[in-house]
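Below, chain A is the first sequence line, B the second, and so on; all start at residue 1.
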Amino acid sequence: MKTARRLFASEWMGLALIALLGAIALSALNGSFLTEFNVYVLLRSGCVTLLVAFAQMTVLATGQMNLSVGALGGLVAVLFGGMIEVLGIPLPVALVVALAIGAAGGWINGVLTTRTGISGFVITLATASIFTGINYGLTRAVPFYRMPPELVAFGDTHWGFVPALMLPLLVVAPLLALFFHRVPTGRRLLAIGGNPVAAALSGISADRMIVIAHVLSGTLVGTAALLSVAQLGSAQPLIGSDWLLLSFAAPIVGGTALTGGSVSILGATFAVLVIALIQNGMVLAKVDPYWVQFLLGALILLTVGLNRWRAVRLGGGA
Amino acid sequence: MTEVEAEGRSSRRLAFLPRIPHLGLIVVLLALTAIFTARSPGFVSAFNLNAMGRSLAVDIVVGFSQMVVLAIGGMNLSVGAIGVCTVMFAGYAMQIFGLPVWVAFPLAIVLGAALGAVNGIAIVRSGVNAFIVTLATASIYFGAMLVITKAQPYNALPREVGLLGQLRIFGFISPALVVAIVTGAALAIFYRYAVGGREALAVGANPRAADMSGIRVNRVVVQAHALSGVLAAIAGLMVLVRAGAAMPAAAGDDWLLPSFLGPVIGGVALAGGAVSVLGTALGAALVTIIRSGLLVLDIGSFWLQLFLGLFLLAAVILQRSGDLRRWRLR
């Protein structure tokens with residue numbers, strides 16, 4: 001009973017179970033689900049989503065939000081494409097500069113939010129529009145197609161069902177977990193989100209932490225954008241245009257509190273897996289792809305409703 | 001509330017000028033109009049004024065749709081999704097069911113109210129903030145619309161729709177603009193004199209105090225969201241009439257930024273408790289003038305987003321610094 005309740009209480013365990021049951025159900029219903037290629041496609045589609053989820057999660061941890069994840073991702077992608085195709089900058093340099101642009105975009109968000117004291121919602125709504133405007137203004141919505149062959153090859157490489165695109169995540173996810181659980185700055189970030197007044201009284205600068213969270217978020221967005229370019233094989237201006245909902249869906253479903261102060265890296269990971277399973281299952285079942293958007297929204301509402309119900313139940317029982 | 005503050009501010013700094021609310025915004029609007037006209041005289045031609053009037057009407061009502069939920073301290077990210085749903089519903093009703101315009105349009109507005117009310121009920125029942133709930137419902141509404149319509153436009157609409165779209169008052173004023181102005185006047189009266197409007201502002205200013213004074217906060221929240229849905233539907237129908245067809249790309253994400261731009265530039269606080277109908281309309285006019293000016297100057301719509309974002313940022317920062325200055329004066 002006690003272990004059952006503990007399992008019930010930890011969000012990621014429930015999600016892992018749902019993912020497992022979903023996978024079993026899908027493989028029973030459809031023979032082509034458990035093929036090597038399909039699992040590879042499924043995992044590959046989750047890589048970018050998970051990075052985007054992490055990008056939103058780091059900002060949510062401080063009790064802020066970032067509406068510009070997709071816009072910044074699109075901007076980084078096309079600036080990277082431009083550096084390669086128009087300026088002829090070598091790949092390693094372009095990769096580093098692209099990540100720096102992501103970080104700089106995040107820094108702008110953070111500094112504007114803290115310096116002006118205007119809500120992060122309005123600031124990132126405005127910067128999202130600015131980033132998208134620069135993206136479309138520069139490219140006129142025309143993609144850069146001539147990407148370095150080694151990058152495109154990286155996007156297509158897989159060992160069995162394991163895509164090479166997962167490699168960056170195997171580095172980023174543990175580092176992020178380490179940062180939030182062991183590194184003082186990460187702990188302070190969570191402290192600001194959990195209780196700003198108490199954190200400020202213990203000498204933590206909220207402004208500094210919010211800027212750090214946004215810079216981290218921007219860097220993660222930059223990474224996601226580069227993985228997107230590798231996955232698609234071209235630098236599309238439309239990269240990031242569908243990230244907003246996903247960026248909130250995965251952390252929320254994964255148990256990251258919107259009020260700040262908590263993150264769940266495993267939770268977000270399994271949430272992305274569940275989302276990828278839903279998308280994959282619908283493709284296999286040849287369901288109208290328009291259902292995906294409906295189901296994603298319903299999943300968010302269901303989770304917040306369930307969390308509410310659980311909070312009432314557990315709160316009443318204790 | 002904001003209007004009073006704005007007046008106080010301008011009178012202190014510019015005591016010799018008569019008290020005009022939103023003076024700064026009006027100056028910016030006039031300056032932009034002058035610049036665009038100087039660069040391209042076609043900007044104030046009857047043709048362009050008519051086109052601007054039609055898009056201004058939509059921008060204003062979209063801004064109102066956001067304003068009414070900002071008033072209670074909430075927000076509505078599904079303004080665009082509700083707009084599209086009502087457009088497609090009206091198209092479906094007229095083309096598939098053969099309903100006349102005067103039946104389909106009111107039904108579409110009822111649908112808008114219902115979708116808005118669903119937002120409000122979900123927010124009240126779940127206790128989750130309006131941001132997440134309306135982010136989710138936007139996706140649900142939009143997804144459902146795509147599933148039902150298969151993303152096919154309805155363009156065999158009754159003849160009356162086309163006639164409505166060609167209607168002009170004094171040769172260049174679009175009837176949509178008249179609808180927007182009447183809507184604005186109704187909202188101004190509602191928030192100034194009607195019990196419902198005063199209650200909404202009280203909830204926005206301080207929900208707990210409102211609750212203690214006997215206001216049924218949950219009901220006010222649902223009502224505000226239903227009203228937001230109605231306004232989104234009206235804006236959607238304006239787009240339908242303008243296009244002469246019901247298209248899935250009628251609104252959607254494109255409405256998100258303008259819906260906030262109008263109220264925020266017009267001085268409506270995101271924290272709730274205050275509205276400014278005139279400010280929202282002027283903020284919407286700024287959106288329209290920038291969009292139309294960029295088109296006339298041939299800068300192209302690709303840079304539009306950049307300018308809208310910059311104006312939003314500049315507006316909120318200017319308002320903020322004005323507030324700070326006022327603090328220091330005290």
Side-chain angles (χ1 to χ4, degrees), chain A residues 65 67-68 70-71 108 112 115-119 121-123 125-142 237 241-242 244-249 252 258-259 287-309 311-312, chain B residues 75 77-78 81 118 122-123 125-129 131-151 248 253 256-261 264 269-271 299-321 323-324:
Chain A
M65 59 171 73
L67 298 190
S68 72
I108 291 172
L112 281 176
R115 284 285 167 85
T116 62
I118 298 162
S119 85
F121 175 85
V122 175
I123 294 290
L125 184 70
T127 57
S129 182
I130 292 170
F131 295 149
T132 306
I134 298 173
N135 172 352
Y136 288 178
L138 287 177
T139 61
R140 306 199 151 255
V142 180
S241 56
D242 58 346
L244 183 66
L245 183 74
L246 286 170
S247 79
F248 281 99
I252 289 171
L258 282 173
T259 43
V287 180
D288 206 331
Y290 297 134
W291 277 104
V292 172
Q293 194 159 20
F294 178 88
L295 281 177
L296 263 182
L299 186 68
I300 296 180
L301 272 196
L302 189 73
T303 318
V304 291
L306 213 62
N307 283 346
R308 171 83 172 171
W309 177 77
V312 172
Chain B
M75 60 172 69
L77 300 192
S78 68
V118 168
I123 290 162
R125 285 285 171 84
S126 70
V128 178
N129 65 32
F131 174 83
I132 289 302
V133 170
T134 56
L135 182 72
T137 56
S139 182
I140 293 174
Y141 297 160
F142 200 74
M145 181 278 294
L146 288 176
V147 169
I148 293 168
T149 65
K150 310 265 178 240
D253 291 346
L256 183 64
L257 186 73
S259 80
F260 281 97
L261 259 167
V264 170
L270 281 182
I299 294 176
S301 54
F302 288 120
W303 289 105
L304 174 67
Q305 292 256 327
L306 172 68
F307 285 99
L308 290 184
L310 285 176
F311 267 91
L312 177 58
L313 208 55
V316 286
I317 290 173
L318 277 177
Q319 277 167 13
R320 195 76 195 178
S321 61
D323 287 349
L324 289 178

Quick one, [X] and [Y] - any side-chain contact, counting heavy atoms below 4.5 Å?
X: A:Ile252; Y: B:Ile132; value: yes
X: A:Leu125; Y: B:Leu256; value: yes
X: B:Leu146; Y: A:Asp288; value: no

Compile the donor-acceptor pairs under 3.5 Å between side chains in residues 133-142 of chain A and protein atoms, sequence neighbours left out, one pair per line.
residue	atom	partner	partner atom	Å
A:Asn135	ND2	A:Pro237	O	3.1
A:Thr139	OG1	A:Asn135	O	2.8
A:Thr139	OG1	A:Ala141	N	3.1

| request: Please state whether the side chain, the backbone, both or neither of A:Phe121 comes within less than 4.5 Å of a heavy atom of chain B. | output: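 Answer is side chain: those atoms of A:Phe121 sit under 4.5 Å from chain B.
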
| request: Can you tell which part of A:Leu295 gets under 4.5 Å to a heavy atom of chain B, answering side chain, backbone, both or neither? | output: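 A:Leu295 has no heavy atom closer than 4.5 Å to chain B.
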
| request: Side chain from CB out, backbone as N, CA, C, O: work out which of these in B:Met145 comes under 4.5 Å of a heavy atom of chain A, or both, or neither. | output: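 Neither the backbone nor the side chain of B:Met145 comes within 4.5 Å of chain A.
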
| field | Contact summary for A:Leu301 and B:Ala136, nearest pair of heavy atoms | value | CG-CB, 3.9 Å

| Shortest non-hydrogen contact from B:Gln305 toward A:Ser129 | O-OG, 2.6 Å

| task | Could you give me the CA-CA distance, side-chain angles and deciding distance for A:Leu112 and B:Ile317, then say whether side chain to side chain contact (heavy atoms under 4.5 Å, CB included) is met? | result | CA-CA 9 Å; A:Leu112 281 176; B:Ile317 290 173; 4.2 Å; yes

| message | Looking at chain B, which one of A:Gly117, A:Gly305, A:Ala128 has the largest number of heavy-atom pairs inside 4.5 Å, strictly under? | response |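 Top option by heavy-atom pairs under 4.5 Å: A:Gly117.
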
| request: With rounding to the nearest 0.5 Å, note down the distance linking CZ in B:Phe142 to CZ in A:Phe294. | output: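 It is 14.0 Å, given to the nearest 0.5 Å.
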
| request: Give, for atom OG of B:Ser139 and atom CG of A:Leu296, the distance between the pair rounded to the nearest 0.5 Å. | output: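 It is 5.5 Å, given to the nearest 0.5 Å.
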
Heavy-atom pairs under 4.5 Å with chain A are the metric here; pick the option from [options] that has the most.
options: B:Ser126, B:Gly127, B:Ala271; result: B:Ser126
options: B:Phe131, B:Phe307, B:Phe260; result: B:Phe131
options: B:Val128, B:Asn129, B:Leu77; result: B:Val128
options: B:Leu308, B:Val264, B:Leu304, B:Leu270; result: B:Leu270

| note | Taken in chain and number order and not counting sequence neighbours, the residues that satisfy side chain to side chain donor-acceptor pair (under 3.5 Å) with A:Ser247 are A:Gln56

| Testing A:Ile118, A:Ile130, A:Thr116, A:Val122 for side chain to side chain contact (heavy atoms under 4.5 Å, CB included) with B:Leu313, which one passes? |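 In the set A:Ile118, A:Ile130, A:Thr116, A:Val122, the residue that makes a side chain to side chain contact (heavy atoms under 4.5 Å, CB included) with B:Leu313 is A:Ile130.
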
